[in-house]
Amino acid sequence: MKIATWNVNSIRTRLMQVVDWLQANPVDVLCLQETKVVDADFPRSPLENLGYHLYVSGQKSYNGVAILSRTPVEDISIGFAPVLGADVVGDLDEQKRVITGIVGNVRIVNLYVPNGSAVGSDKYHYKLRWLKVLREYLKTLLEKQPHELCVCGDFNIAPDHRDIHDPKGRDEHIMASPAERQALQDVLTVGLADAFRKFTAEAGHFTWWDYRTRAFSRDRGWRIDHHYLTPNLYNQAISCTIDKAPRQLEQPSDHTPVIVEF
DNA sequence: ATGGCAGTTCCTAACTGA
């Protein structure tokens, strides 16, 4: 089983790149982030014609997540509220960042973690609050059901210095500040481990490159897209790879796909 | 130190992203 994650930065702009990529890489599940489209306008047919079932949660202009699966997905749920209750979640489900469902014996959680804008900003505090609720959400999911978890998506956090092209002076940089990294580590204490680091310990493997300053051609990137797995699934993982090919195309997303295989 | 690039909408300016 192969599960991929890809922040496409608008599914309508990137549709043909996603179609081409799925034809070349017929993964079992593809989790998309930043679809940037309301559900009624999601371009379903070209993806359904490839044999995928689609489950989407989007909004106008910003955010938006989707799960594409070769087999029907069971027990789809959208946002934090179905698991935690509306009173706990408050305003956090207004932005469409969470979709989950079960494929085989695996519960897949597809996330678009808030960017945070700048350290100390209102959006930064929103990001930290969101990550706290995410921890409770995953903990509750695990308590309610015995499934293995694959929690994947755009986390907008580089876990450590190996995950940034130039780690110098990054403590005050969004996606690398100590509070964000600690919030991510707190999430993982529910019992999750980074699939990529099972296979690759060295620095210099990235999933996102800034559109500006020719960052991709200079390989000035960050590893911010991840798969986090519960222990049994982690043990069953046989590879986790970054496919840089889509980032090299004309008019690419600034992120590129990551694939885990069991 | 600054801004740089891209997508979207309230569409030719402002916002969000990371």
Side-chain angles (χ1 to χ4, degrees), chain A residues 5-18 31-43 56-66 91-92 94-98 110-131 134 152-184 196 204-226 242 244 246-258:
Chain A
T5 182
W6 189 5
N7 178 323
V8 288
N9 187 16
S10 170
I11 185 57
R12 286 178 291 185
T13 296
R14 228 65 65 197
L15 178 62
M16 290 319 296
Q17 291 188 19
V18 174
C31 294
L32 301 176
Q33 304 87 35
E34 276 205 276
T35 51
K36 293 188 172 179
V37 65
V38 295
D39 296 352
D41 293 338
F42 196 102
V56 302
S57 174
Q59 65 185 85
K60 192 166 64 174
S61 303
Y62 304 117
N63 311 315
V65 285
D91 61 340
L92 294 182
E94 290 172 12
Q95 300 180 14
K96 304 308 180 191
R97 299 178 176 279
V98 179
N110 176 16
L111 302 176
Y112 176 45
V113 176
N115 166 281
S117 187
V119 174
S121 67
D122 288 349
K123 289 190 175 72
Y124 181 74
H125 293 295
Y126 180 94
K127 181 180 194 175
L128 295 177
R129 186 160 64 92
W130 195 95
L131 287 164
L134 173 63
C152 63
D154 176 1
F155 283 74
N156 272 317
I157 298 172
D160 66 54
H161 67 278
R162 296 172 295 174
D163 303 312
I164 309 176
H165 62 87
D166 179 6
K168 287 197 298 292
R170 295 298 183 184
D171 272 12
E172 293 308 312
H173 194 293
I174 198 66
M175 304 189 293
S177 71
E180 293 169 75
R181 285 176 162 170
Q182 187 58 53
L184 174 58
F196 185 78
H205 296 272
F206 309 128
T207 66
W208 172 83
W209 298 260
D210 200 308
Y211 283 123
R212 298 165 293 188
T213 66
R214 307 186 317 282
F216 183 70
S217 62
R218 300 156 71 195
D219 201 24
R220 297 173 65 85
W222 296 57
R223 191 176 72 92
I224 57 176
D225 301 88
H226 311 297
I242 299 165
K244 288 171 74 172
R247 189 62 179 80
Q248 297 172 295
L249 299 171
E250 290 293 315
Q251 201 180 14
S253 169
D254 43 355
H255 297 250
T256 212
V258 187

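All of these numbers come straight from a predicted model, not from anything done at the bench. Labels below follow one simple rule: chain letters A, B, ... track the order of the sequence lines, proteins then strands, and each chain is numbered from 1.
Here the side chain of A/Ser253 pairs a donor or acceptor atom with the backbone of A/Asn7 at under 3.5 angstrom. Between the side chain of A/Trp6 and the backbone N or O of A/His255, at least one donor-acceptor pair lies under 3.5 Å. Listed for the A/Arg247 side chain is no donor-acceptor partner under 3.5 Å among the backbone atoms of A/Pro252.
Nucleotides B/dT2 and B/dT12, compared at atom C1', are 24 Å apart to the nearest Å. Rounded to the nearest Å, the gap between the P atom of B/dG3 and that of B/dT8 is 25 Å. Taking the C1' atoms as reference points, B/dA1 lies 27 Å from B/dG7, given to the whole Å. Remark: the separation of the C1' atoms in B/dC11 and B/dA6 is 15 Å, to the nearest Å. Going from the C1' atom of B/dC15 to that of B/dC10 covers 11 Å, rounded to whole Å.
With respect to A/Asp219 and A/Lys244, a salt bridge is recorded, a charged nitrogen being found less than 4.0 Å from a carboxylate O.
A close approach under 4.0 Å does occur between a side-chain nitrogen or oxygen of A/Gln251 and OP1 or OP2 of B/dG7.
Look at CZ on A/Arg220: it is 17 Å from P on B/dG4, rounded to the nearest Å. Distance A/Leu15 CG to B/dT8 P: 12 Å, rounded to the nearest Å. Distance CG (A/Asp41) to C1' (B/dT9): 14 Å, rounded to an integer number of Å.
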Task: B/S/- contact track for nucleotides 10-18 of chain B, protein heavy atom under 4.0 Å - done: S----BSSB
Task: Test log, rule side-chain hydrogen bond (donor to acceptor under 3.5 Å, both in side chains), inputs A/Lys127 and A/Asn115 - done: CA-CA 7 Å; A/Lys127 181 180 194 175; A/Asn115 166 281; over 6 Å; no
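Taken from CZ in A/Arg129 to OH in A/Tyr124, the straight-line distance is 15.0 Å, to the nearest 0.5 Å.
The side chain of A/Thr213 approaches B/dG4 more closely than any other nucleotide in the set B/dG4, B/dG7, B/dT8.
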